[in-house]
2 protein chains.
Amino acid sequence: MDKNHTASVLIDLSAAIVSVRGDQPVCLTVPDVSEHQTPGLPFGPFYPDRHRTMEIGLRQWVIEQTALDIGYVEQLYTFGDRGRRSEGPEGGDSQNEEEHIVSVGYLALSKQCPQPDQWSEWYKHFPWEDWRNGRPNILNQQIIPYLEAWSGSDELRRLRLQQVFGFPDKAWNDEFVLDRYELMYEAGLVWEAYADGRQKEKISTQNGITMQLDHRRILATAMSRLRAKLKYRPVVFELMPSAFTLTHVQKTTEAILGAILHKQNFRRQLAKNELVEPTGQMSKARGRPAELFKFKHDESQSTNLPGLRIPLGKSRNF
Amino acid sequence: MDKNHTASVLIDLSAAIVSVRGDQPVCLTVPDVSEHQTPGLPFGPFYPDRHRTMEIGLRQWVIEQTALDIGYVEQLYTFGDRGRRSEGPEGGDSQNEEEHIVSVGYLALSKQCPQPDQWSEWYKHFPWEDWRNGRPNILNQQIIPYLEAWSGSDELRRLRLQQVFGFPDKAWNDEFVLDRYELMYEAGLVWEAYADGRQKEKISTQNGITMQLDHRRILATAMSRLRAKLKYRPVVFELMPSAFTLTHVQKTTEAILGAILHKQNFRRQLAKNELVEPTGQMSKARGRPAELFKFKHDESQSTNLPGLRIPLGKSRNF
DNA sequence: CTCTATTATGCTCAAATTGAGTATAAATCC
DNA sequence: GGATTTATACTCAATTTGAGCATAATAGAG
């Protein structure tokens, strides 16, 4: 329409590169150069005349910078500038008008995670998302009371609170990581809201370790997507070594979901979907040795295989 | 890294604006200005200093250009330049290096579709995707024989053919619209492959009406996403008027899925999930009058409501 | 060498969900 | 008034799920 508006932008590709170390899901971060100690996600520019697609561009700088073998890559979302954070109602309009940046977020999965100090644990950034040891204390002690006060008698806010946090009488849904983060942002419960000027006072509690710019939001998007995908596509195996025990698969799944699963039912699904086959070898550890399995459909694109239905059980609210 | 590469791009926002007219899903198209008669999806540039987010930018030019009320909007995928088509292995490298364009694809749903000539029926572009009258002839008569010849003795190709088209002995999966399109593109079975120079000879049959650039690919992405979403989120109601019969909901769902559903089971799901409530009024048409219902959760964001499990039945392969 | 802790694996069983019907009701069209 | 059309109620077997008990195979302690 009108040509007197800038339409030219720079594109950068941000990646939530996820792996599982022990029983903790981790995410590759780069150290902060500025004053604060906040980590950030790795990112790099996209040169359209150098790389045919953005995914190729992404793989390129990930290899160059991290020497990591990322197998699975999936585009998450494209965020259009202005504050580079949540897309809430009011945005900080105090940008300098020089160059606009659009950032394309990616989720990548890696089987290994060398250099432990560069990988940051998910649940340090999102402590309320790990339910493996029961309902996290931070919810009842901090988040819920604050959010309830925030919603007051606003019908819409209460509805969202119920939907997204399951409060007071609905079940917790592990996939709503992004929705919960956004609600907390909106309510001024996370540090980023203060940094963006949406919140007057600095909140007293941390509510998880902050990240640079909107990176925590991208990580939340990645978590949501991965948790959802796990339930209908066999992506767990992108995080497993070539041979593994069934318990190992379960522990990895549980780590990502932040929830404990029923062992026998989990294995029943694995068996029914014929996703793994025995290698013949056995693992040696404490207790009875377990059979070692391998993923049946390596090499070729397993992108649209049926995946394992995860037995989440019934009682998911306390 | 190196600064001697262009990193500046233009962004355009393309939209697959979907509605249902009668029993046909339709998509808003703009007429072709060039020699061919190929329609295209509406698109517009994104001005980062004018619109805070891309979604706002999108809504803006949609309102300006079409005077349509689009309720539901969802980002689909961001395509990075170079040919502006499928992201297959070889891309046409004969681009002029002036200005690069990144296009962000959106899916939008509209309850009405005025000006019938501007709306193009899905299944004219994808005739193999409509199974409501049984398995489409075009599959057995054209597509499958060609694809089988194409795959030859290539194990990987045969595997994909089975995965994506269910040939020879697996079930058809209605969600793999994009995968099927991409496979056909790769095999040179759609006109776009010829236009991109991936295919030497012009194929004899049309295999669905072509669209400009990579627009048919974007539409395929939209169809895949919508078909998938329908099964776990109550998005159908974004396509329904304020009052409707249960059969109307079912017909709309069937139109999008391209499949017939079991009536009683469909209604059972609707009832169980408590998504609709009676208005008290009755519809008048041929046959016994049906009760008119309305969606329970209008106004507020129904984005993450459970949605209706769709009873797709067992025998989905012929 | 036996007991115990630990992990793996096999099997059961009731409850819930799903797929696929049949039967009946209420309107219009001719 | 009967055929046609559409709506709605109800049934029932098969399958899937949630939740559990029982047993097997190892390492380490005493």
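Because only heavy atoms are used, hydrogens play no part in the values below, and waters and symmetry mates are left out as well, while side chains stay in. To find a chain, count down the sequence lines: A is the first, B the second, and so on, and within it residues start at 1.
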Using OP1 and OP2 only, check whether a side-chain N or O of B:Lys272 sits under 4.0 Å from C:dT18.
yes
Looking at side-chain heavy atoms only, is the closest gap between A:Leu275 and A:Phe237 below 4.5 Å?
yes
Atom pair distance, as rounded to whole Å: NZ in B:Lys284 and C1' in C:dA27:
13 Å
Could one point to a donor on the side chain of B:Arg288 or the base of C:dA27 with an acceptor on the other under 3.5 Å away?
no
Just how far, in rounded Å, is C1' of C:dT9 from NE2 of A:His248?
19 Å
Can a side-chain donor-acceptor contact be found between B:Glu74 and B:Tyr72 if the only test is distance below 3.5 angstrom?
yes
Are A:Arg267 and C:dA8 close enough that a side-chain N or O sits under 4.0 Å from OP1 or OP2?
no
Taking only side-chain N and O atoms of B:Gln269, does any of them lie within less than 4.0 angstrom of OP1 or OP2 on C:dT18?
yes
Output the rounded distance in Å from CD (A:Glu291) to P (D:dT26).
12 Å
So, is B:Arg286 close to the D:dT6 phosphate, meaning a side-chain N or O under 4.0 Å from OP1 or OP2?
yes
Between B:Gln264 and B:Gly287, who's closer to the 5' end of DNA chain D by nearest nucleotide?
B:Gly287
Nearest-Å distance for atom pair CG/P, residues A:Asn273 and D:dT16
10 Å
Taking only side-chain N and O atoms of A:Lys263, does any of them lie within less than 4.0 angstrom of OP1 or OP2 on C:dA8?
yes
Just compare C:dT9, D:dT26, D:dA19 and give me whichever is closest to any side-chain atom of A:Pro289.
D:dT26
C:dA8, OP1 or OP2 - any side-chain N/O from A:Thr247 closer than 4.0 Å?
yes
Quick one: B:Leu292 CG to D:dT8 C1', roughly how many Å, whole number?
15 Å
Protein-nucleotide distance (A:Asn265, atom CG; C:dA15, atom P), rounded to Å
16 Å
For B:Phe295 and B:Phe244, I'd like to know if the aromatic rings sit close, meaning centre-to-centre distance below 6.0 Å.
no
Ignoring hydrogens and angles, does a donor from either the side chain of A:Arg268 or the base of C:dG10 sit under 3.5 Å from an acceptor on the other?
no
Can a donor-acceptor pair be found, under 3.5 Å and without considering hydrogens, that links the side chain of A:Arg227 to the backbone of A:Ile256?
yes
Tell me: CZ of A:Phe266 to P of D:dG20, nearest whole Å?
19 Å
Separation of C:dT9 atom P from A:His262 atom NE2, nearest Å, is 14 Å
Does the separation of the ring centres of B:Phe176 and B:Phe165 fall below 6.0 angstrom?
no
